[in-house]
Amino acid sequence: ILDEIDDRLNPRSYDFGNRTLFGLGIEVEAVIPFLNDKWAFSLEPTYHGKYSSEILLDEGTSSDIGESIHVNYNSLSIPITVRHYSYFNAHSKGFVNGSLVLDYSFSSNYIERKIEGNTIETLYPSGNINFAFGAGYKWKDTYGVEIRYYTSRNIVNHIGTYSTSYDMLSVILGHTLF
């Protein structure tokens with residue numbers, strides 16, 4: 001969502017909708033060798049697929065001036081995670097975790113506003129920091145699944161007159177190599 005938050009009485013808000021994207025990451029985990037191996041730290045660089053969306057603001061209205069906004073965004077995030085395991089039996093364990101997420105956007109990212117096909121404004125998103133919380137299950141320390149919620153982040157935090165809300169929910173399938 002992109003919100004204009006300058007001194008206007010009625011700021012506009014745009015909802016670009018939900019998309020299903022695929023990402024690819026690798027996790028490095030260190031289990032703390034005391035406290036019954038129930039605590040771990042991990043680092044997980046992850047590339048998130050390209051989010052692209054366009055909305056036509058006034059299509060079909062009497063004030064149609066052909067105004068549109070297009071978003072193109074992809075990023076590399078690095079969650080720094082603290083995880084707690086609960087062992088069910090020798091082959092099965094569940095976990096909950098919390099992460100500080102460092103997000104880096106690519107130079108090809110933009111939010112572009114057009115009227116009648118002419119660009120009148122372009123914003124360039126930048127990286128930011130947010131948090132994530134997850135819960136999951138591991139079987140035989142080989143296969144895993146996790147659901148993770150990322151808190152909202154402002155991808156144009158460096159531009160004082162705009163605010164964004166970029167939210168993400170992930171389903172993560174994992175396989176341990178070694």
Side-chain angles (χ1 to χ4, degrees), residues 1-29 41-83 97-134 136 146-174:
I1 295 177
L2 175 67
D3 293 318
E4 295 180 38
I5 60 168
D6 55 11
D7 293 331
R8 297 182 199 202
L9 291 175
N10 296 311
R12 293 193 281 177
S13 179
Y14 312 109
D15 186 351
F16 290 95
N18 297 323
R19 300 284 185 275
T20 299
L21 306 173
F22 292 94
L24 184 62
I26 187 164
E27 180 183 56
V28 177
E29 181 182 57
F41 293 100
S42 73
L43 193 66
E44 184 184 351
T46 305
Y47 168 77
H48 297 284
K50 183 177 177 181
Y51 176 86
S52 185
S53 184
E54 182 174 20
I55 57 174
L56 304 175
L57 299 178
D58 50 14
E59 185 177 47
T61 66
S62 60
S63 63
D64 187 354
I65 58 171
E67 187 175 5
S68 65
I69 297 181
H70 182 251
V71 174
N72 184 53
Y73 184 75
N74 57 357
S75 68
L76 174 72
S77 68
I78 304 175
I80 302 167
T81 303
V82 175
R83 181 171 292 143
N97 57 39
S99 305
L100 173 71
V101 182
L102 309 173
D103 183 65
Y104 301 95
S105 67
F106 298 104
S107 60
S108 62
N109 294 333
Y110 60 86
I111 299 171
E112 190 173 61
R113 186 174 182 178
K114 292 182 176 184
I115 294 181
E116 295 181 355
N118 298 313
T119 300
I120 60 168
E121 187 171 30
T122 303
L123 307 175
Y124 296 97
S126 65
N128 207 340
I129 295 174
N130 65 316
F131 298 96
F133 303 96
E146 177 184 353
I147 187 160
R148 186 181 298 169
Y149 171 73
Y150 293 79
T151 60
S152 183
R153 68 178 175 257
N154 182 4
I155 61 174
V156 292
N157 59 324
H158 64 287
I159 302 170
T161 59
Y162 288 92
S163 171
T164 58
S165 175
Y166 184 82
D167 302 328
M168 190 165 50
L169 180 69
S170 293
V171 175
I172 301 165
L173 302 176

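The chain is numbered in sequence order, starting from 1. Below, all heavy atoms of this structure are taken into account, side chains as well, without hydrogens, waters or symmetry copies.
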Problem set entry | Sub-4.5 Å side-chain heavy-atom contact between Glu44 and Ile26 | no
For this session: Look up atom CZ in Arg148 and atom OG in Ser170, then write down how far apart they are to the nearest 0.5 Å.
Result: 7.0 Å
Exercise. Could you state the interatomic distance from CG (Leu102) to CG (Asn128), rounded to the nearest 0.5 Å?
Worked result: 10.0 Å
For this session: Side-chain contact test, heavy atoms from C-beta onward, threshold under 4.5 Å: evaluate it for Val101 versus Ile78 and give yes or no.
Result: no
Exercise. Just wondering, do Leu24 and Thr46 contact through their side chains at under 4.5 Å, heavy atoms?
Worked result: no
Exercise. At their closest point, which heavy atom of Tyr51 faces which heavy atom of Leu21, and how far apart are they?
Worked result: CB-CD1, 3.9 Å
For this session: Could I get the full list of side chain to side chain donor-acceptor pair (under 3.5 Å) partners for Asn97, not counting sequence neighbours?
Result: Glu146
Problem set entry | Sub-6.0 Å ring centroid separation between Tyr73 and Tyr166 | yes
Problem set entry | side chain to side chain donor-acceptor pair (under 3.5 Å) against Asn74, all qualifying residues, sequence neighbours excluded | Tyr47
Exercise. Stepwise, does the side-chain contact (heavy atoms from CB on, under 4.5 Å) test hold for Tyr124 with Ile111?
Worked result: CA-CA 6 Å; Tyr124 296 97; Ile111 299 171; over 6 Å; no
Problem set entry | Polar contact flag, side-chain donor to acceptor under 3.5 angstrom, Thr164-Asn154 | yes
Exercise. With side chains defined as the heavy atoms from C-beta onward, is the minimum distance between Lys50 and Asn72 less than 4.5 Å?
Worked result: yes
Problem set entry | Considering all heavy atoms, the nearest His70-Ser52 contact | NE2-OG, 3.2 Å
Exercise. Just wondering, do Pro45 and Glu27 contact through their side chains at under 4.5 Å, heavy atoms?
Worked result: no
Problem set entry | Euclidean distance, Leu123 CG relative to Asn109 CG, rounded to 0.5 Å | 12.0 Å
Exercise. Residues two or more places apart in sequence or in another chain: which of them pass side-chain contact (heavy atoms from CB on, under 4.5 Å) with Glu112?
Worked result: Tyr110, Lys114, Thr119, Thr122
For this session: Could you check if a side-chain atom of Thr81 sits within less than 4.5 angstrom of a side-chain atom of Phe41, using non-hydrogen atoms only?
Result: no
For this session: Evaluate the side-chain proximity of Met168 to Ser152: yes if any heavy-atom separation is below 4.5 Å, no if none is.
Result: no
Seminar exercise, completed: For Thr151 and Asn130 the tightest heavy-atom approach is O-ND2, 2.8 Å
Problem set entry | Full working for side-chain hydrogen bond (donor to acceptor under 3.5 Å, both in side chains) between Ser75 and Ser105 | CA-CA 4 Å; Ser75 68; Ser105 67; over 6 Å; no
Exercise. Heavy atoms, side chains only, cut-off 4.5 Å: are Arg83 and Ser42 in contact?
Worked result: yes
